[in-house]
Amino acid sequence: MRSFSKCVIIKNRAKKSNVIFILTPKGKIYMENTAPEKRQKILSCIQPSGIPTLGNYLGALKNWKTLSDDFDSAFAVADLHAITVRQDPAKFRKQITEVFALLLAIGLDPEKSIIFIQSHVPAHSQLAWILNCYTQFGEMSRMTQFKDKSKAHADNVNVGLFAYPVLMAADILLYQADLVPVGVDQKQHLEIARDIANRFNTVYSPTFTIPDAYIGKQGAKIMSLQDPTKKMSKSDPNPKSYVSVFDTPEVITKKIKSAITDCEGSVYYGEGKDGINNLMSIYSCCTGLDFDQIAKDFEGKGYGDFKAAVAEAVVEELRPVRERYDSYMKDTGYLLEVAAKGAEKASRIANRTLNKVMKKVGFVLPK
Ligand code: AQP
């Protein structure tokens, strides 16, 4: 083993490599240039099934921005997923643009991350069809989101709703993602994506990276303000149950002040206090304070004071997002240009994986 008295590592970000300077006991300097670091990849998507909520923001979007600095990243507006429930065409078109603008408003940089609209990259639907044939009916039947959504949309229990997790597997596997930042509600779908990838890799040969879920420590499941045993959802028919990321400060304050709590009147995190636990999670995500500190700060104060503080923290958290969003929405031409460039970059990566899959399955590829 070589002995040395000092070692300095300088990261060469442009070449993604490290230069290591080693000072030996005899005063000689050695320099070593290490191989380029292989950056890990992340991918995540959001459905334009309504205006995103504080739950989507704290559980997923906020992490996307942070992770995009350290990973090769791709983020999509999952419009194909959204038609598993009926959408009004004019409203849907508007929502797709709005959610795309939101991705830029949260601070994602199209020069650093691939930002695109799912239906602009046909490989997603193509791989999803192939993977359907490597997925068992029984395993799909166990998906809790399918069970919940079929109850909520009993008049439209379509095959797309059933096969939703396979399309999600295709989204992830096309980009060979190592990590998928999601809220807790998507954990089961991610496990299926891993199972499908493992199955395909075993039947043929290693083809897909096996992805891991990235679930933030805080905010992984923000609950409804009106029923804190239920997840906050953008398609909830009761708008008082969620804070939308585009709500005005007045509306945010009103919704948080009318959140369901309990009658005990003391702020601490505990069993049977779902409403307060939820508000504490929201407050913690926005301020960075832990639960003990929050309980200490609000000791002897009532829920009125606590709700006012939560409302103010949420308003301040969302204010810059809303301001940037308003300015992006003034130039939808620019948004479409960014989306086109994103789709081009995404297609290059996705088609590489799709061709590999098609060859392994035995399709004849076009010349
Ligand atoms: N309440 C939540 N708390 C934390 N994270 C959440 N996410 C969703 N709701 C919460 C995360 O947000 C990301 C994007 O979600 P999506 O739009 O792709 O689908 P979803 O999970 O079905 O979200 P919604 O709001 O409930 O949409 P609808 O009402 O259309 O079904 C995901 O990472 C999700 O985990």
Side-chain angles (χ1 to χ4, degrees), residues 42-67 73-88 91-92 95-96 98-100 102-103 106 108 117-118 124 143-153 156 160-161 164-165 167-169 171-172 177 179-193 211-239 241-246 259 274 277-279 281-282 284-286 314 317:
I42 57 171
L43 170 122
S44 204
C45 302
I46 180 164
Q47 295 185 75
S49 44
I51 296 175
T53 66
L54 184 63
N56 298 126
Y57 178 75
L58 297 178
L61 301 176
K62 200 174 169 184
N63 294 331
W64 294 7
K65 162 68 188 129
T66 316
L67 292 168
S73 51
F75 300 106
V77 176
D79 52 351
L80 295 172
H81 281 281
I83 62 162
T84 52
V85 301
R86 202 68 75 225
Q87 303 289 344
D88 169 76
K91 226 168 124 193
F92 186 42
Q95 280 165 198
I96 294 169
E98 288 170 347
V99 174
F100 193 84
L102 176 65
L103 297 192
I106 60 169
L108 294 179
I117 296 172
Q118 185 190 28
H124 287 250
M143 296 294 103
T144 50
Q145 192 181 81
F146 172 68
K147 291 182 197 161
D148 293 346
K149 289 209 169 169
S150 0
K151 263 189 227 144
H153 304 276
N156 182 23
L161 190 63
Y164 178 112
L167 177 58
M168 180 165 156
D171 299 336
I172 299 165
L179 270 191
V180 184
V182 284
V184 158
D185 63 317
Q186 294 296 338
K187 200 165 164 243
Q188 198 185 27
H189 290 167
L190 204 90
E191 276 156 16
I192 275 287
D212 281 310
Y214 174 94
I215 296 179
K217 281 196 198 87
Q218 287 290 358
K221 193 169 185 185
I222 300 296
M223 310 307 276
S224 155
L225 298 176
Q226 292 302 311
D227 176 359
T229 60
K230 217 175 88 184
K231 185 183 85 128
M232 183 182 281
S233 265
K234 62 176 114 58
S235 59
D236 194 313
N238 179 4
S241 71
Y242 56 80
V243 166
S244 133
V245 289
F246 305 140
D274 298 330
N277 294 348
N278 190 35
L279 292 179
S281 298
I282 293 173
S284 171
C285 287
C286 298
V314 172
E317 177 76 31

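Position 1 is the first residue of the sequence, and the numbers go up from there. In each ligand, atom 1 is the first atom listed, and ligand 1 is the first ligand listed. Note that the structure is a prediction, hence the values are computed from the model and not measured. When reading the values below, keep in mind they use all heavy atoms of this one structure, side chains included, and skip hydrogens, waters and symmetry mates.
With hydrogens and angles ignored, the 3.5 Å screen pairs no side-chain donor or acceptor of S233 with any backbone N or O of S235.
Under the salt bridge (charged side-chain N to carboxylate O under 4.0 Å, His left out) criterion, K221 pairs with no residue at all, not counting sequence neighbours.
Ligand 1 is surrounded by C45, I46, Q47, S49, G55, N56, G59, A60, Q145, K149, V182, G183, D185, Q186, G219, A220, K221, I222, K231, M232, S233, K234, S235, each with at least one heavy atom closer than 4.0 Å.
Defined by atom type and a distance below 3.5 Å, a donor-acceptor pair is missing between the side-chain atoms of S281 and N278.
The aromatic rings of W64 and F75 lie parallel to each other, with less than 30° between the two planes, well short of the 60° mark.
For K187, the NZ atom sits in a loose shell: 12 or fewer heavy atoms of surrounding residues, nucleotides or ligands are nearer than 6.0 Å.
Here the side chains of Y57 and E317 are in contact, with some heavy-atom distance below 4.5 Å.
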